[in-house]
Amino acid sequence: MKVFFNNFIKEAKIIFGEDFIPLHRPIFNGNEKKYLEECIDSNFVSSVGNRVNEFEKKVAKFVGSKYAVATVNGTNAIHIALKLSGVKPGDEVISQALTFVATCNAITYSGAKPIFVDVDIDTMGLSPLALKNFLRKNAEKRSNGTYNKKTGKKISACLPMHTFGFPCRIKKICDICKEWGISVVEDAAESLGSYVKKKHTGTFASISALSFNGNKIITTGGGGMLITSDKKLAERAKHITTTAKIPHDYEFVHDEIGYNYRMPNLNASLGCAQMENLKNYLDIKKILSNHWSLFFKKNNINFVKPIKGSSANYWLNTLVFKTKKQRERFLKYTNKRKVMTRPIWRLMSELRMFKNCQNDGLKNSLWLQERVVNIPSSVPNKFFNEQ
Ligand SMILES: *Cc1c(COP(=O)(O)O)cnc(C)c1O
């Protein structure tokens with residue numbers, strides 16, 4: 001193992017040519033500064049401005065949805081997507097325990113409580129089989145929705161996540177939820193540029209959320225987006241993310257409790273410039289993942305790939321070690337040598353806030369929790385300059 005650890009450090013330094021190698025850093029070598037300056041000069045730096053509309057159009061076109069509504073971050077986008085999907089205070093939302101905390105925070109903001117269902121080992125995303133089994137055992141279909149027999153609460157939505165940009169079995173999940181009358185919202189925060197049979201992740205559910213946080217594949221500093229092809233949902237999303245103000249030339253009238261979730265024009269300016277390079281970044285990340293894949297094959301280490309019929313953006317390249325001990329040794333060795341590697345998240349079911357949420361045993365989630373590591377995955381400067 002020691003030889004492999006040492007070779008890994010050498011390989012990372014060759015690829016990235018840096019002293020400290022982060023997990024994922026943003027890259028700004030397009031029109032970012034130009035658009036930001038234009039934005040400042042225009043005075044429209046806040047929640048009104050052309051760049052927000054332009055950014056929405058660009059993202060909608062890229063993912064193949066009819067509409068997009070930009071928000072201040074991805075967590076807010078999930079919150080609103082759940083709300084618009086009919087999630088009400090006191091309801092329950094099925095999700096995965098193996099996710100970033102934002103997924104479950106958003107469920108909580110909507111007044112609902114998460115239920116944790118297991119993931120598939122290969123996708124690290126919600127398992128359709130586990131979902132089916134959970135519902136069969138615990139749920140009851142009534143005239144106005146599906147209810148949890150144990151808690152008596154309504155299960156109003158299912159929120160799968162495409163882990164590290166590897167698409168989950170979203171089609172099957174949607175089919176099961178349709179049978180049970182449960183809405184689906186995709187947490188596509190990590191999967192911009194990931195597809196299932198040429199259809200972009202986030203477009204299987206009627207409304208989904210993206211994130212443009214600083215560590216994501218493209219960034220707006222902070223930011224998120226709702227994507228949908230349903231005109232009514234898009235109008236509702238725009239309305240409640242902009243304080244629910246009734247359009248009027250000069251009067252302030254609001255018709256419900258809204259949110260100040262609109263992405264500022266300043267952030268959208270950054271987003272417009274980033275979108276011009278997204279395709280380029282995805283191409284380079286594919287080259288990088290091929291490179292890593294070959295390296296790990298030679299070293300007999302399991303490097304995660306998307307399942308058949310889907311493609312990944314390789315936002316974060318991922319390893320699965322055979323044992324927890326090996327994984328811990330790798331983390332220690334690499335971080336000490338300034339090559340950043342990170343274990344997968346602590347399961348949500350083990351966090352104080354979500355400890356008392358119902359779960360199905362989470363066999364695969366527990367297995368993965370002990371073995372998964374992310375390795376440096378940024379667009380390397382030298383690859384970019386070669387293009
Ligand atoms: C990044 C991320 C989000 C959204 O995060 P924000 O920082 O609020 O944009 C949501 N879910 C997952 C799985 C994420 O990785």
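Just so you know, ligand 1 is whichever comes first in the structure, and atom 1 is the first atom listed for that ligand. A quick note: this is a predicted structure, and the numbers were derived from the prediction, not measured.
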For [X], atoms of ligand 1 separated by under 4.0 Å from a heavy atom:
X: N73; result: 8 (O), 9 (O)
X: T103; result: 11 (N), 13 (C)
X: M161; result: 13 (C)

Do the ring centers of [X] and [Y] come within less than 6.0 Å of each other?
X: F330; Y: F8; value: yes
X: Y314; Y: F166; value: yes
X: F55; Y: F212; value: yes

Side chains of [X] and [Y]: does their closest heavy-atom pair fall under 4.5 Å?
X: R371; Y: K324; answer: no
X: K113; Y: F354; answer: no
X: V48; Y: R262; answer: no

Kindly indicate whether a cation-pi arrangement holds for R142 with Y147, taking the cut-offs as under 6.0 Å to the six-membered ring centre and within 45° of the axis.
yes

Which residue holds the protein heavy atom closest to [atom], what is that atom called, and what is the gap in Å?
atom: atom 8 (O) of ligand 1; answer: T75 OG1, 2.5 Å
atom: atom 15 (O) of ligand 1; answer: E190 OE2, 2.5 Å
atom: atom 3 (C) of ligand 1; answer: A189 CB, 3.5 Å
atom: atom 11 (N) of ligand 1; answer: D187 OD2, 2.8 Å
atom: atom 1 (C) of ligand 1; answer: K216 NZ, 1.5 Å

Under 4.0 angstrom from ligand 1, any heavy atom of G223?
yes

Contact check, I78 vs ligand 1, heavy-atom distance below 4.0 Å:
yes

